[in-house]
Amino acid sequence: MARLPVLIDTDPGVDDAWALLMAFASPDHEVVGLTVTAGNVGLAHTVRNALRLCEVAGVDVPVFPGCADPLVFPAEDAAYVHGRDGFGDTGYLPPARKPEAEHAALAMVRLSHAHPGLLLVCLGPLTNLALALRLDPTLPARIGRLVVMGGAVTGQGNTSVSAEFNIAFDPEAAHVVFEAFPAYDLVDWEAVLRHGIPHADVERWLEAPGPKAAFYKAISRRTREWSEDRRGTHWHSADGLAMAAALAPDGATGWVRHALAVETGGRLARGATVVDWGGRSGRPARARILLGYDPGRFRALLAGALGVPTGSDPPA
Ligand code: RIB
Ligand code: CA
């Protein structure tokens with residue numbers, strides 16, 4: 001059976017890296033490109049990290065540099081979580097490969113024509129996609145499914161009281177995207193918190209043979225230590241959950257559709273994703289919000305991405 005083309009927009013970033021390894025490992029998908037944005041750290045680092053990860057995974061996927069800044073206002077990165085270089089400051093050897101000359105936004109438009117029905121997975125701020133939509137407003141018609149990691153659907157944020165990092169980094173871009181697509185799947189931060197993985201299990205998986213586990217063990221060390229200090233016994237792979245829902249939607253145990261708007265102003269809640277749970281606004285319910293994902297399926301996808309032999313990992 002033909003593999004489903006998938007384009008991933010990403011700001012690698014430690015959790016992005018695991019999600020990318022999941023996509024590379026999927027027998028049912030062909031990763032046709034990585035469009036890279038600033039976010040977790042600056043664009044120079046996120047592009048370099050994407051290139052290096054492709055080398056470690058042994059995949060020849062084109063990497064397209066995108067936007068170095070949000071559309072309108074500057075934003076703080078998340079180097080305190082991912083390290084200054086976004087990959088745990090391990091001082092890894094620079095990638096031999098070079099990025100493509102084509103801008104990410106232009107690549108998105110071109111690849112949507114080359115692969116109509118494309119699965120588009122967004123794991124970082126939505127600046128590149130917003131720009132692509134301004135270049136070609138017909139883009140959504142050629143996207144089979146859009147999956148976004150972002151938002152906090154009842155206002156329990158991770159980068160501010162009420163906002164999640166990807167949306168808060170570029171709220172204007174998120175507004176453009178969420179108003180342009182008639183339907184999209186949203187894996188929000190609060191769903192991520194419901195699907196934590198014990199650090200002990202992650203550490204066992206990182207002993208798997210091969211370069212992917214070894215590389216990921218090195219680049220994730222700092223983030224795992226930070227997570228244990230801040231959040232306790234479980235690690236929360238935000239982009240990993242979004243990628244699981246993207247690659248294996250049958251593992252989802254529940255979705256709800258609601259209208260959603262992004263707060264782009266305000267003193268207290270800029271970047272918040274305001275969900276119309278009661279249907280009061282009369283606005284179209286474009287967001288399909290993930291409620292739950294099968295834990296065993298999620299663990300198998302995560303572990304398999306690192307090279308853990310299938311079936312060798314006891315279910316949760
Ligand atoms: O809020 C979590 C999201 O922000 C993840 O995508 C993480 O990589 C950062 O981009
Ligand atoms: Ca990310």
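Order of appearance sets the numbers: ligands from 1, and atoms from 1 within every ligand. Everything numeric in this text was worked out from a predicted model, so none of it was measured. Hydrogens, waters and symmetry mates play no part in the numbers below; they use all other heavy atoms, side chains included.
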Legend entry - Presence of salt bridge, Glu55 and Arg97, under 4.0 angstrom: no
Legend entry - Neighbour count >12 (heavy atoms, 6.0 Å) for atom CZ, Arg84: no
Legend entry - Backbone or side-chain N or O of His82 under 3.5 Å from ligand 1 N or O: no
Legend entry - Atom name of the N, O or S atom in Asp11 that lies nearest to the Ca ion (ligand 2): OD1
Inset, instruction - Heavy-atom contacts with Asn166 under 4.0 Å: which atoms of ligand 1 show up? List them by number with element. - result: 3 (C), 4 (O), 5 (C), 6 (O), 9 (C), 10 (O)
Legend entry - salt_bridge(Asp136, Arg142) N-O dist < 4.0 Å: yes
Inset, instruction - Looking only at distances, please establish whether an N/O atom of ligand 1 is found under 3.5 Å from an N/O atom of Met149. - result: no
Legend entry - Distance filter under 4.0 Å to Asp239 heavy atoms, resulting ligand 1 atoms: 5 (C), 6 (O), 7 (C), 8 (O)
Legend entry - Ligand-side contact atoms (ligand 1) for residue partner Phe165, heavy atom cut-off under 4.0 Å: 1 (O), 4 (O), 9 (C), 10 (O)
Legend entry - Which residue and heavy atom of the protein sit nearest atom 2 (C) of ligand 1, plus the separation: Glu164 OE2, 3.4 Å
Legend entry - Ionic contact status for Arg288 with Asp185, cut-off 4.0 Å: yes
Legend entry - Asn158, portion touching ligand 1 at heavy-atom distance under 4.0 Å: side chain
Inset, instruction - Run the salt-bridge test on Arg221 and Glu203 with the 4.0 Å N-O cut-off and return the result as yes or no. - result: no
Inset, instruction - Check Asn128 against Gly66 and note the closest heavy-atom contact, atom names and distance. - result: OD1-CA, 3.3 Å
Inset, instruction - Return yes when at least one N/O/S atom of Gly13 is nearer than 3.0 Å to the Ca ion (ligand 2), and no when none is. - result: no
Inset, instruction - Compute the angle centred on the Ca ion (ligand 2) spanning OD2 of Asp239 and OD2 of Asp16, and express it rounded to 10 degrees. - result: 80°
Inset, instruction - Flag yes if more than 12 heavy atoms outside Arg231 fall under 6.0 Å of its CZ atom; otherwise flag no. - result: yes
Inset, instruction - May I ask you to list the atoms of ligand 1 that are less than 4.0 angstrom from any heavy atom of Leu123? - result: 6 (O), 10 (O)
Inset, instruction - Take the angle between the ring planes of Trp18 and Tyr216 and call it parallel below 30°, perpendicular above 60°, tilted in between. - result: tilted
Legend entry - Closest approach of any protein heavy atom to atom 5 (C) of ligand 1, naming residue and atom: Asp15 OD2, 3.2 Å
Inset, instruction - Kindly confirm or rule out an N or O of Asp16 lying under 3.5 angstrom from an N or O of ligand 1. - result: yes
Inset, instruction - Could you tell me whether Glu225 and Arg230 make a salt bridge, using a distance below 4.0 angstrom between a side-chain N and a carboxylate O? - result: no
Legend entry - Proximity to ligand 1 by part of Thr159, non-hydrogen separation under 4.0 Å: neither
Inset, instruction - Could you grab the distance from atom CG of Leu133 to atom CG of Leu126, nearest 0.5 Å is fine? - result: 9.5 Å
Inset, instruction - Measure from the Ca ion (ligand 2) to each N, O or S atom of Asp15 and report whether any distance is below 3.0 Å. - result: no
Inset, instruction - Considering heavy atoms of the protein only, find what lies nearest to atom 9 (C) of ligand 1 and give residue, atom and distance to 0.1 Å. - result: Asn40 OD1, 3.2 Å
